[in-house]
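Have a look at the structure below, then the notes.
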Amino acid sequence: MHNNRTTITQFLIEEQRHIQGATGDFTALLNDIVTACKVISNLVNYGALVGVLGSADTQNVQGESQKKLDVISNEVFLKSNEWAGHVSAMASEEMEDIYPIPEQYPRGKYLLLFDPLDGSSNIDINVSVGTIFSILRGPEGLTKPTVADFLQPGVKQVCAGYTLYGPSTMMVLTTGSGVNGFTLDQNIGEFILSHPNLRIAPDSQEFAINVSNMRFWKSPIKRYIDECLAGKDGVRGKDFNMRWIASMVAEVHRILTRGGVFMYPLDSKNQDQGGRLRLMYEANPMSFIIEQAGGMSTTGHERIMEIQPTSVHQRVPVILGSKNEVERIIAYHLTEN
Ligand SMILES: O=P(O)(O)OC[C@H]1O[C@](O)(COP(=O)(O)O)[C@@H](O)[C@@H]1O
Ligand SMILES: [Mg+2]
Ligand SMILES: [Mg+2]
């Protein structure tokens, strides 16, 4: 039964064998992240039976009210990754400050950033949610990291991934040589390679945007969506479909699976805060994955992966997906009046 089934650990070890000077630290870190996601997958699956639904009656640094699973998933990620000596500090959507590894544990050479539970508004309605993570190199000499050590552009990422807690639990990740998907076999508790070398179709007829924000949109986005909605009788000469799951992980997974574009653009409602989604643990990791699968990711004006971060919780406009559609949206921004 298991002869042609590659576990994520086997896959990573084989991949690391091709890397000069690989020490195994990276594979071990990924294994700790995998363990954390298995624990979260279990909690999400049991939901009300283990009392993890509902609000935590607390607010995070973004001023958002936290769900119990936001807080619990954050704790699971910290505890799974702080002890083994692979990371020197972490940063999370749910924590205002960076989290240096407690003194009793050895410091490692990596920095780990994560959105422990993405799509929080969907938890209580049993719709797909996820976890997003990004790995950067820490400061030389394993010195105690500062915020400045985290502020590296997306192109510096060593690895990016997400776990989707949907009808099945899947982990999708890149280390810079393509994108691969793994499905959790609940029976043996292992992620098995199920979607090797994911590629995004350059063209698509499906867009995802929160249309309830339409009155706040800027003209390039209005123009693009109007043309999609005009369908085959309009300038695009083809009909478009729309999706909005309100879980970025699920939207990106759909795009990796069948193409499309996902947008949370800058609009007159979110422009004071620079956008809605967070650069370091949402936009950058998803952009690395999308680009590695042949897609594009932009703010409309610049490649997201080249943005020089100024803070750990910085927000940015996000437009990503099928290359030819994203290029069209960039062109509309260039001709914006
Ligand atoms: O509530 P809206 O405007 O539909 O926004 C949905 C977006 O917000 C998010 O839920 C934000 O992420 P968190 O749930 O991690 O805070 C994204 O996953 C999703 O794309
Ligand atoms: Mg999120
Ligand atoms: Mg979140």
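The shown structure was predicted, so the numbers you read here are calculated from the model rather than taken from an experiment. Numbering of ligands and ligand atoms starts at 1, following listing order. Numbers here are sequence positions counted from 1.
R276 and E64 are joined by a salt bridge, as a carboxylate oxygen and a charged side-chain nitrogen come within less than 4.0 angstrom of each other. A salt bridge links E206 and R254; the closest N-O separation between the charged side-chain nitrogens and carboxylate oxygens is under 4.0 Å. We find that D124 and K67 are joined by a salt bridge, their nearest charged nitrogen and carboxylate oxygen being less than 4.0 Å apart.
Across M248, K269, E282, heavy-atom proximity to atom 20 (O) of ligand 1 is greatest for M248.
Side-chain contact of E15 with T175: a donor-acceptor pair under 3.5 Å is present, judged by distance alone. In the model, S128 has no side-chain atom that pairs as donor or acceptor with a side-chain atom of N122 under 3.5 Å. A donor-acceptor pair shorter than 3.5 Å can be found between the side chains of N74 and S92.
Considering only non-hydrogen protein atoms, atom 3 (O) of ligand 1 sits nearest to Y264 OH, 2.5 Å. Nearest protein neighbour of atom 1 (O) of ligand 1, counting heavy atoms only, is R276 NH2, 3.8 Å. The shortest contact between atom 11 (C) of ligand 1 and any protein heavy atom is with R278 NH2, 3.5 Å. In this structure, atom 4 (O) of ligand 1 lies nearest to the protein heavy atom W244 NE1, 2.9 Å.
Under a 4.0 Å heavy-atom criterion, L117 is in contact with ligand 1. The closest approach between G119 and ligand 1 falls below 4.0 Å for a heavy atom of the residue.
Y332 and F216 fall into different hydrophobic clusters, where Ile, Leu, Val, Met, Phe, Trp and Tyr residues are linked whenever their side-chain heavy atoms come under 4.5 Å apart, directly or through other members.
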Subject >> Residues T58, Q66; criterion side chain to side chain donor-acceptor pair (under 3.5 Å); working and verdict >> reply: CA-CA 6 Å; T58 47; Q66 292 174 306; 2.7 Å; yes

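For ligand 1, the atoms sitting less than 4.0 Å from at least one non-hydrogen atom of N210 are 2 (P), 3 (O), 4 (O), numbered in the order shown with element in parentheses. Heavy-atom proximity to S120, at under 4.0 Å, picks out these atoms of ligand 1: 14 (O). Every atom of ligand 1 with a heavy atom of D115 under 4.0 Å away is listed here by number and element: 15 (O). Heavy-atom proximity to S247, at under 4.0 Å, picks out these atoms of ligand 1: 18 (O).
To the nearest 10 degrees, the angle centred on the Mg ion (ligand 3) between OE1 in E93 and O in L117 reads 160°. Rounded to 10°, the angle formed at the Mg ion (ligand 2) by OD2 of D115 and OE2 of E282 is 100°.
The Mg ion (ligand 2) has an N, O or S atom of D118 closer than 2.8 Å.
Applying side chain to side chain donor-acceptor pair (under 3.5 Å) to T131 and the options Y162, Y281, Y165 leaves one that passes, Y165.
Within the 4.0 Å heavy-atom criterion, neither part of E251 lies near ligand 1.
In this structure, W217 has its ring center no closer than 6.0 Å to that of Y224.
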